[in-house]
Trainee: 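Submitted below is the structure of interest, expressed as structure tokens.
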Amino acid sequence: MLKTHSCGELRAEHVGQIVTLAGWVNRTRDMGGVIFIDLRDRNGKTQVVINAGDNPQDFATAEQVSREYVVQVTGEVGLRPEGMNNAELPTGDIEVKVNQFVVLNPSKTPPFMIDRDDVTDETLRLKYRYLDLRRERMQRNLIIRHKAIKFIRDYLDERDFLEVETPILFKSTPEGARDYLVPSRVHPGKFYALPQSPQQLKQLLMVAGYERYFQIARCFRDEDLRADRQPEFTQLDMEMSFVERDDILNLIEELMVGMVKHTSLVPLAHEVFPRLTYREAMERFGTDRPDIRYGLELVDVSDIAGASAFKVFAENVANGNPVKAICVPGAGDYSRKEVGELEEIAKANGAKGLASMALSSETGEMKGFITKFFTVDQLIALTERLGAKPGDLLLFASDTKSVVYSVLGELRNELGTRLGLKDTGTLAFTWVIDFPLFEEGLEDGHYAPSHHMFTSPKRDQIPLLDTNPGEVLSEQYDLVCNGFEVAGGSIRIHERPLQRKIMELIGFSFEEAKAQFGHMLEAFEYGAPPHGGIAPGIDRLVALMAGEPNIREVMAFPKTAQATDLMSDTPSEVVSKQLKELHIALAMPEKS
RNA sequence: GGGGGCGUGGUGCAGCGGUUAGCACGCCGGCCUGUCAAGCCGGAGGUCGCGAGUUCGAAUCUCGUCGCUCCCGCCA
């Protein structure tokens with residue numbers, strides 16, 4: 001080794017020892033006759049001192065180095081003089097008095113400063129990612145990521161889970177997201193697909209009798225990016241046999257609590273995760289991924305509003321639709337412009353308009369043009385139902401259920417941000433259970449699975465498949481944290497007849513099913529155990545635990561929003577020989 | 001595919017029809033033996049992303065284009 005200690009570990013107890021350190025020059029402070037260098041490696045920073053009088057030769061060398069030079073120093077660990085300690089550094093009580101100074105490798109001046117977190121231009125950070133990764137923030141994030149994954153592996157290993165690798169080259173299925181395809185050289189015109197997740201394979205491992213499987217699995221989806229979506233990402237993919245829903249939920253909940261306590265910079269809001277049904281989540285929060293860090297909940301006022309003289313409300317309620325409202329504390333003095341902005345959000349989510357009432361902060365009197373359609377008793381009932389106080393703003397949505405949910409859900413989200421109600425210092429997990437088996441409405445005259453076609457209906461709901469399939473609830477569950485979906489899973493169908501019935505309902509012909517899932521269906525005929533699983537998204541969880549707004553910050557080499565890598569210029573063209581070997585001809589889009 | 005934001009010395013920003021295009025940090029040179037975002041003195045460094053247009057005059061206005069980013073669509 002070229003070093004005896006790391007740059008983060010020397011303390012007062014090491015005083016007197018001769019040590020060798022190696023690392024990067026973080027900063028130099030040349031005082032004329034004495035030079036201080038902060039030497040940095042992954043573990044921290046240590047101050048080294050070189051004195052012109054004691055060591056003229058090395059002093060001359062040290063005068064020449066600058067930021068990011070790689071150097072090796074040997075010397076005695078000494079206590080810093082009285083009053084010269086640096087309380088900011090763990091190594092701040094000591095320094096290394098150099099008597100040998102070696103430049104292992106010089107460095108160009110980097111395009112940005114490593115020890116300051118001031119670069120905002122993503123182009124630069126990603127082009128010089130290897131320099132960006134030297135910075136404390138990125139090192140901290142990747143360490144959190146490592147710790148989280150290590151915790152997961154240990155936790156599941158202790159519980160008799162087996163980590164099994166599954167193929168990256170596998171079969172394309174037109175379901176779900178767009179696949180990344182890999183052409184086959186050996187089989188002209190045929191393609192592999194990179195897995196969107198190891199979904200099928202983990203179920204086959206259950207058929208194979210492994211009972212408890214997990215994998216830190218890379219997944220690929222060729223869809224447009226978001227702050228929480230990259231084309232390749234990592235899931236904790238896991239599956240268990242002979243379990244019911246709550247077995248999975250309890251296991252994962254304990255895992256999450258342990259992992260957050262062990263690794264997270266941001267603490268848990270609560271150690272018992274609330275379990276909301278899908279219906280409850282929609283009715284209270286207007287979304288299936290509720291952020292429960294703050295209130296502003298949706299309140300049903302259909303009975304009061306429906307009895308009012310306001311035609312829009314009354315007619316809508318008469319048609320069996322709801323009127324719901326949220327009470328926005330302290331927003332009663334919002335300007336016409338601010339309320340107008342909220343109305344724009346409502347319209348963007350399908351509303352025809354946005355009705356509101358403001359409670360005067362002095363008198364508590366109700367203002368707003370719709371108030372005149374309400375009796376005094378109705379207004380009192382409204383304020384009581386909504387818990388409204390003087391100075392509050394009431395926002396109403398009246399439309400179909402799904403429009404009401406999305407309008408108020410989005411307004412709640414926006415106002416939560418505007419009013420600063422989203423506590424960034426806490427992680428608020430919640431389960432969402434009892435999802436509908438099928439998506440609302442028919443697609444080409446058939447039902448569409450809301451999760452995937454192997455998701456089991458709730459046992460007691462199976463008879464409903466014959467009479468009212470749209471109402472059937474499933475064994476699907478999601479884990480949500482601070483409004484982000486961080487895991488999704490289900491108990492699967494393991495019996496052939498039930499699987500066939502679901503396929504019929506979603507309009508899958510026997511032939512289609514056989515071509516796409518023949519191996520699955522056949523496997524299920526050889527004694528498939530009852531099983532289920534879940535797949536937490538590692539990138540999102542680590543980003544939340546690191547307090548980062550974007551999953552790029554917890555990935556070593558992420559891609560841009562255009563799915564490119566600026567460091568290596570990927571994707572790039574290939575030579576025609578490669579295309580020829582793969583039997584591929586290009587059909588480029590026309591430039592207009 | 002659509003919409004919003006951003007693009008000015010190496011970095012972060014200011015300037016938003018007429019300025020010698022400004023500030024901080026960094027960089028280069030000098031001074032300095034206890035600094036730790038060292039300090040002091042001096043200096044270099046800019047085709048204002050690119051292209052076209054409007055104008056007597058464009059970093060500034062318009063259009064196009066490229067890059068980064070956020071959102072909708074898409075995506076479990």
Side-chain angles (χ1 to χ4, degrees), chain A residues 26-40 45-55 59 63 66-68 78 80-89 91-92 95 97 108-128 131-132 175-179 196-197 199 219-231 233 235 237 288-289 344-345 348-350 406 410 413-414 432 435 439 449-452 455 476-480 484-490 534-537 540 549-550 552 559-562 564 566 589 591:
Chain A
N26 195 61
R27 253 172 208 282
T28 60
R29 289 177 294 280
D30 184 346
M31 312 305 294
V34 61
I35 299 174
F36 298 96
I37 293 176
D38 294 329
L39 198 60
R40 185 193 73 235
K45 286 180 266 189
T46 300
Q47 173 165 289
V48 302
V49 204
I50 306 164
N51 200 298
D54 302 348
N55 191 348
F59 186 86
E63 272 187 310
S66 60
R67 298 187 294 133
E68 302 309 312
R80 293 193 187 188
E82 186 79 36
M84 298 301 165
N85 310 38
N86 185 346
E88 310 263 298
L89 283 182
T91 60
E95 60 193 6
K97 288 176 274 187
K108 287 165 68 173
T109 300
F112 50 79
M113 280 178 278
I114 306 301
D115 69 334
R116 220 188 276 182
D117 198 15
D118 66 347
V119 180
T120 56
D121 182 20
E122 209 74 10
T123 316
L124 249 206
R125 291 185 62 198
L126 292 175
K127 181 174 176 191
Y128 297 97
L131 297 180
D132 192 38
E175 307 288 285
R178 198 176 293 115
D179 284 323
Q196 296 178 23
S197 77
Q199 181 63 37
C219 306
F220 306 86
R221 289 176 191 158
D222 186 4
E223 298 292 349
D224 288 336
L225 287 80
R226 289 286 186 284
D228 62 350
R229 273 165 34 191
Q230 283 269 316
F233 59 99
Q235 287 186 341
D237 190 54
D288 61 359
R289 43 186 179 87
E344 285 310 306
I345 292 167
N349 284 276
S406 67
E410 196 43 56
N413 177 41
E414 172 67 22
V432 180
F435 277 77
E439 281 180 2
S450 81
H451 187 45
H452 56 61
T455 300
Q476 185 200 337
Y477 34 81
D478 279 0
L479 182 63
V480 176
F484 292 96
E485 183 195 324
V486 293
S490 63
I534 191 167
R540 288 181 186 178
N550 193 302
R552 280 193 305 273
K559 298 204 169 35
T560 68
Q562 302 305 316
T564 65
L566 297 174
K591 281 182 188 168

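We use all heavy atoms of the structure for the numbers below, so side chains are in, but hydrogens, waters and symmetry mates are not.
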Trainee: Whole angstrom is fine here: how far is it from OH in A:Y128 over to C1' in B:U11?
Mentor: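 Going from A:Y128 (OH) to B:U11 (C1'), I get 12 Å.
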Trainee: In whole Å, I'd like the distance from the CE atom of A:M84 to the C1' atom of B:A38.
Mentor: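 The answer, rounded to whole Å, is 12 Å.
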Trainee: Indicate the atoms forming the closest heavy-atom contact of A:D478 with A:G488, along with that distance.
Mentor: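 Nearest heavy atoms, A:D478 then A:G488: OD1-CA, 3.4 Å.
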Trainee: Which nucleotide, if any, forms a Watson-Crick or G-U wobble pair with B:G45, using both distances under 3.5 Å?
Mentor: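 With both distances under 3.5 Å required, B:G45 matches none.
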Trainee: Look at all strands and tell whether A:Q196 reaches a base, only sugar-phosphate, or nothing, counting heavy atoms closer than 4.0 Å.
Mentor: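 Sugar-phosphate contact only.
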Trainee: In this structure, how many angstroms lie between the P atom of B:C71 and the CG atom of A:N349, rounded?
Mentor: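 Whole-Å distance recorded here is 15 Å.
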Trainee: Give A:R125 one of three labels, base, sugar-phosphate or nothing, depending on what nucleic acid heavy atoms sit under 4.0 Å from its own.
Mentor: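 If one applies the 4.0 Å heavy-atom cut-off, A:R125 turns out to touch nothing in the nucleic acid.
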Trainee: Can you check the distance between B:C72 and B:C40, where both ends of the measurement are the P atom (answer in whole Å)?
Mentor: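 These two P atoms come out 49 Å apart once rounded.
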Trainee: May I ask whether A:F36 stacks on the base of B:U35, given the cut-offs of 5.5 Å between ring centres and 30° between planes?
Mentor: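 Yes, A:F36 stacks on the base of B:U35, since the ring centres sit under 5.5 Å apart and the planes are within 30°.
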Trainee: Tell me whether the OP1 or OP2 atom of B:G73 has a side-chain N or O from A:R226 closer than 4.0 Å.
Mentor: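 For A:R226, the contact criterion (side-chain N or O under 4.0 Å from OP1 or OP2 of B:G73) is not met.
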Trainee: Between B:U33 and B:G22, how far is it from one C1' atom to the other, in whole Å?
Mentor: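 The answer is 37 Å between these two C1' atoms.
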Trainee: Should A:M84 and A:Q47 be marked as a side-chain contact (heavy atoms from CB on, under 4.5 Å) after you check the CA-CA gap, both sets of side-chain angles, and the distance that decides it?
Mentor: CA-CA 12 Å; A:M84 298 301 165; A:Q47 173 165 289; over 6 Å; no
Trainee: By the 4.0 Å heavy-atom rule, please label A:Q199 as base, sugar-phosphate, or nothing.
Mentor: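 If one applies the 4.0 Å heavy-atom cut-off, A:Q199 turns out to touch nothing in the nucleic acid.
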Trainee: Can you check the distance between B:C48 and B:U8, where both ends of the measurement are the P atom (answer in whole Å)?
Mentor: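 Nearest-Å result for B:C48 against B:U8 at atom P: 11 Å.
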Trainee: Which value, in whole Å, describes the distance between the P atoms of nucleotides B:G12 and B:G7?
Mentor: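 These two P atoms come out 11 Å apart once rounded.
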Trainee: Taking atom C1' in both B:U60 and B:G53, what distance in whole Å separates the two?
Mentor: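 To the nearest whole Å, 15 Å.
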Trainee: Give the rounded distance in Å between these two atoms: CD of A:E223 and P of B:C72.
Mentor: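 Between P of B:C72 and CD of A:E223: 14 Å.
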Trainee: Show your reasoning for whether side-chain contact (heavy atoms from CB on, under 4.5 Å) applies to A:T455 and A:F435.
Mentor: CA-CA 10 Å; A:T455 300; A:F435 277 77; over 6 Å; no
Trainee: Quick check for you: among B:U69, B:U11, B:A76, whose closest atom lies nearest to any side-chain atom of A:L124?
Mentor: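 Among B:U69, B:U11, B:A76, the one nearest the side chain of A:L124 is B:U11.
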Trainee: Answer with base, sugar-phosphate or nothing: what part of the nucleic acid does A:L566 contact at a heavy-atom distance below 4.0 Å?
Mentor: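 If one applies the 4.0 Å heavy-atom cut-off, A:L566 turns out to touch the sugar-phosphate alone, with no base involved.
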Trainee: When you compare B:C13 with B:G49, how far apart are their P atoms, in angstrom units rounded to a whole number?
Mentor: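 Going atom to atom, P in each nucleotide, I get 14 Å.
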Trainee: Is the shortest side-chain N to carboxylate O distance from A:E223 to A:R178 below 4.0 Å?
Mentor: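 Salt bridge: yes.
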Trainee: Across the strands shown, which category fits A:I35 at heavy-atom distances under 4.0 angstrom: base, sugar-phosphate, nothing?
Mentor: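 If one applies the 4.0 Å heavy-atom cut-off, A:I35 turns out to touch nothing in the nucleic acid.
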Trainee: Without decimals, in angstroms, what is the distance between A:R116 CZ and B:A24 P?
Mentor: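 Atom CZ in A:R116 sits about 13 Å away from atom P in B:A24.
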Trainee: Hey, are the side chains of A:R40 and A:I114 touching, using non-hydrogen atoms and a 4.5 Å cut-off?
Mentor: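 A side-chain contact under 4.5 Å exists here.
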Trainee: What's A:N26 touching, base or sugar-phosphate or nothing? Going by heavy atoms closer than 4.0 Å.
Mentor: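 Since no nucleic acid heavy atom lies under 4.0 Å of A:N26, the category is nothing.
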Trainee: In terms of side-chain heavy atoms of A:E485, which of B:A76, B:U35, B:C36 is nearest?
Mentor: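 So the nucleotide nearest the side chain must be B:A76.
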Trainee: Within this structure, what is the CD-to-P distance between A:E68 and B:U11, rounded to whole angstrom?
Mentor: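 Going from CD in A:E68 over to P in B:U11 covers 16 Å.
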Trainee: With sugar-phosphate meaning primed atoms plus P, OP1 and OP2, does A:P81 contact a base, only sugar-phosphate, or nothing at under 4.0 Å between heavy atoms?
Mentor: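 Counting heavy atoms under 4.0 Å across all strands, the contact made by A:P81 includes a base.
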Trainee: From B:C32, B:C68, B:G34, pick the nucleotide closest to the side chain of A:E95?
Mentor: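 Shortest atom-to-atom distance from the side chain points to B:G34.
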Trainee: Would you say B:U35 has OP1 or OP2 under 4.0 Å from some side-chain N or O of A:Q47?
Mentor: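 Answer no for this pair, as no side-chain N or O of A:Q47 is under 4.0 Å from OP1 or OP2.
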Trainee: Is the number of heavy atoms from other residues, nucleotides or ligands within 6.0 Å of CZ (A:F220) greater than 12?
Mentor: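 Enclosed: over 12 neighbouring heavy atoms sit under 6.0 Å from CZ of A:F220.
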Trainee: If the cut-off is 4.0 Å, is A:N51 near the phosphate of B:G34, judged by side-chain N/O to OP1 or OP2?
Mentor: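 A:N51 to B:G34 OP1/OP2: no side-chain N or O under 4.0 Å.
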Trainee: Side-chain N or O of A:R27 versus OP1/OP2 of B:U35: is the shortest distance under 4.0 Å?
Mentor: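 Answer no for this pair, as no side-chain N or O of A:R27 is under 4.0 Å from OP1 or OP2.
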Trainee: Does the distance from a Lys or Arg side-chain N to an Asp or Glu carboxylate O, for A:E68 and A:K108, drop under 4.0 Å?
Mentor: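 Answer for the salt bridge query: no.
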Trainee: Whether A:R27 and A:D38 form a salt bridge (side-chain N of Lys/Arg under 4.0 Å from carboxylate O of Asp/Glu) is what I want to check.
Mentor: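 Not counted as a salt bridge, because no side-chain N and carboxylate O are separated by less than 4.0 Å.
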Trainee: Tell me which nucleotide, if any, is Watson-Crick or G-U wobble paired with B:U60 when both distances must be under 3.5 Å.
Mentor: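 Across all strands, not a single nucleotide pairs with B:U60.
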Trainee: Whom does B:C40 pair with, Watson-Crick or G-U wobble, provided both distances fall under 3.5 Å?
Mentor: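 Partner of B:C40: B:G30.
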Trainee: Base, sugar-phosphate or nothing for A:D224? Non-hydrogen atoms, less than 4.0 Å.
Mentor: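 It contacts base atoms.
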Trainee: Please give the nucleotide sitting opposite B:C75 as a Watson-Crick or G-U wobble pair, both distances under 3.5 Å, or none.
Mentor: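 Pairing partner: none.
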Trainee: When you check the phosphate oxygens OP1 and OP2 of B:C68, does a side-chain N or O of A:T560 lie under 4.0 Å from one of them?
Mentor: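 Affirmative; the distance criterion is met.
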Trainee: Kindly indicate, with the supporting measurements, whether the criterion side-chain contact (heavy atoms from CB on, under 4.5 Å) is fulfilled by A:Q235 and A:C219.
Mentor: CA-CA 7 Å; A:Q235 287 186 341; A:C219 306; 3.7 Å; yes
Trainee: Rounded to whole Å, please give me the gap between CD in A:E82 and C1' in B:U35.
Mentor: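 It is 17 Å, rounded to the nearest whole Å.
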Trainee: Between A:R29 and B:A38, is there a side-chain N or O to OP1/OP2 distance below 4.0 Å?
Mentor: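 For A:R29, the contact criterion (side-chain N or O under 4.0 Å from OP1 or OP2 of B:A38) is met.
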Trainee: To the nearest Å, give me how far apart CG (A:N550) and C1' (B:U69) are.
Mentor: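 The answer, rounded to whole Å, is 9 Å.
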Trainee: Distance between the C1' atoms of B:C50 and B:A58, in whole angstroms?
Mentor: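 Straight-line distance between the two C1' atoms is 15 Å.
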Trainee: Just N and O in the side chain of A:T564: are any of them under 4.0 Å from OP1 or OP2 of B:C68?
Mentor: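 Answer yes for this pair, as a side-chain N or O of A:T564 is under 4.0 Å from OP1 or OP2.
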Trainee: Go through B:A76, B:G10, B:C68 for me and flag the one nearest to the A:D288 side chain.
Mentor: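 Of the candidates, B:A76 comes closest.
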Trainee: As a quick check of understanding, evaluate side-chain hydrogen bond (donor to acceptor under 3.5 Å, both in side chains) for A:T28 and A:D30, giving each step before the final call.
Mentor: CA-CA 6 Å; A:T28 60; A:D30 184 346; over 6 Å; no
Trainee: Could you tell me how far B:U62 sits from B:G18 if I compare only their P atoms? Round to whole Å.
Mentor: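 Per the computed distance, 15 Å lies between those P atoms.
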Trainee: Between A:D118 and A:V49, name the one whose nearest nucleotide on RNA chain B is closer to the 5' end.
Mentor: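 In this pair, the answer is A:D118.
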Trainee: Compare side-chain N and O positions of A:T120 against OP1 and OP2 of B:C13 and report whether any pair is under 4.0 Å apart.
Mentor: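 Checking B:C13 against A:T120, a side-chain N or O does come within under 4.0 Å of OP1 or OP2.
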Trainee: What is the base-pairing partner of B:C6, counting Watson-Crick and G-U wobble geometry with both distances under 3.5 Å?
Mentor: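 The base-pairing partner of B:C6, which may sit in any strand shown, is B:G67.
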Trainee: Reading RNA chain B from 5' onward, which residue's closest nucleotide shows up sooner: A:A177 or A:K97?
Mentor: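 By nearest-heavy-atom nucleotide position, the 5'-most residue is A:K97.
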Trainee: Within the modelled atom types, does a donor on one side and an acceptor on the other bring the side chain of A:R80 and the base of B:C36 under 3.5 Å apart?
Mentor: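 Checked by distance alone, the answer is yes.
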Trainee: With both distances under 3.5 Å as the test, what is the Watson-Crick or G-U wobble partner of B:G22?
Mentor: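 Paired with B:G22, as far as the under-3.5 Å criterion goes, is B:C13.
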Trainee: Confirm from the modelled atom types if A:R229 and B:C74 form a donor-acceptor pair under 3.5 Å, side chain to base only.
Mentor: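 Under the 3.5 Å cut-off, the side chain and the base do form a donor-acceptor pair.
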Trainee: Heavy atoms only, 4.0 Å cut-off, all strands: where does A:G83 land among base, sugar-phosphate and nothing?
Mentor: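 Nothing: the residue A:G83, judged by heavy atoms under 4.0 Å, touches no strand.
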